Amino acid sequence: MTQNSIEQLRGDLLAAISAAGDSSALEEVRVSALGKKGRITALMKDLGAMDPEARKAFGQQVNALKAEVGSALESRKQAFEAAALNARLTTETMDVTLPVRPETEGSLHPISQTMDEIAAIFGVMGFEVAEGPDVEDDFHNFTALNFPPGHPAREMHDTFFLQDADDGERYLLRTHTSPVQIRTMMNAKAPIRIIAPGRTYRCDYDMTHTPMFHQVEGLIIDTESHMGHLKGCLAEFVRTYFGVDNLPVRFRPSFFPFTEPSAEMDIGCSRQGGELKLGDYGDWLEILGCGMVHPNVLKACGLDPDVYQGFAFGMGIERIAMLKYGIPDLRTFFESDLRWLRHYGFSALDVPSVTGGLNR
Ligand code: DAH
């Protein structure tokens, strides 16, 4: 192979590259030059038979040719790609003003809606929303809430325990939202005014129990809030939430390890004719647990019970959603039945607020 024929080959290949009309024609040129049986590849094979002096000179020429052809191929390829992208950008258009979907699909689950309503009502009263983890430790779920070790109240919670952890701690799925009280008191400074909605877990399943359900916790800590404030706050909540202005409330003494005194709150109702109606009808329905935060709980969180005091409450979100929206079976909340969701779901635009309305 002579200098001239290398020049010739160079001219042929560069001409073929610029003549290639599309990327598959270009690929053919590449194979014809650099493929296994390509013309440049054939030159490399010739090298073996040459004497060292000639091989060196010829090898340099072939390598230079190979590099030049390679970069010509690459820049032509990039030109094709850029042209293809440009063509797509000019032909593929999209009208971003069109509705995302022609029909209204998807709705807010009644639990989400209820949590939003609860946050809207307590928000107006100055409560902030706090959160805690679903996987808790024994300290936050029980001990700091004044459940003594071995106390039967622990058993009543039907706790799901996790496998023993390497750190020796026995983790569990929180059985109530009350551990968020502990986390808040340990991390925030008084005055504290929070609600903590979220998932809770107990090993139980029937018409009124599912292994996962939702609660909302409330907590006020300052130096003067008392049982009177607790009553006013919760009466205001149920009247706004259920949309019944004259809804009577009553408080019955009860027991929770983490409150003293403890109470259960009932709201007025009627069960006549098998139908439940809320209002001043003489009958009563239990709705939530509450009380003054126990001194031992304050101490466990590093607060001086001679200085700080406050109240707490906790209620089941499914329960109050069932009452408000007439949902008879708690288990249906979590069956993901589309017909049920369409019936009980809420439009995403139905944002609950105390001013805009909770009961639209
Ligand atoms: N944690 C209680 C439960 O799951 C509910 C409760 C009752 C929470 C009274 C409170 C309270 O904060 O004061 O049954």
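Atoms within a ligand are numbered from 1 in the order they appear, just like the ligands themselves. Given the structure is predicted, the values throughout are model-derived calculations rather than measurements.
- The aromatic rings of Phe256 and Phe258 lie parallel to each other, with less than 30° between the two planes, well short of the 60° mark.
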Atom pairs and distances, ligand 1 N/O vs protein N/O under 3.5 Å:
from	atom 1	to	atom 2	distance (Å)
ligand 1	1 (N)	His176	ND1	2.9
ligand 1	1 (N)	Ser178	OG	3.0
ligand 1	4 (O)	Arg202	NH2	2.8
ligand 1	4 (O)	Gln215	NE2	2.9
ligand 1	12 (O)	Gln181	NE2	3.1
ligand 1	12 (O)	Glu217	OE2	2.5
ligand 1	12 (O)	Phe313	N	3.4
ligand 1	12 (O)	Phe313	O	3.3
ligand 1	13 (O)	Ala312	O	3.1

Quiz prompt | Derivation and outcome, ring pair (Phe, Tyr, Trp, His ring centres under 6.0 Å), residues Phe127 and Phe237 | solution = CA-CA 12 Å; Phe127 285 77; Phe237 168 74; 9.7 Å; no

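- Under a 3.5 Å cut-off, the side chain of Arg76 and the backbone N or O of Ala20 do form a donor-acceptor pair.
- In terms of modelled atom types and a separation under 3.5 Å, the side chain of Asn146 and the main chain of Pro257 share a donor-acceptor contact.
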Practice problem: Please test Lys77 against Arg30 for side chain to side chain contact (heavy atoms under 4.5 Å, CB included), starting from the C-alpha separation and ending with a verdict. | Solution: CA-CA 11 Å; Lys77 187 174 154 211; Arg30 189 191 66 78; over 6 Å; no

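- Stacking of Arg331 on the aromatic ring of Tyr205 is recorded, both the 6.0 Å distance cut-off and the 45° axial limit being met.
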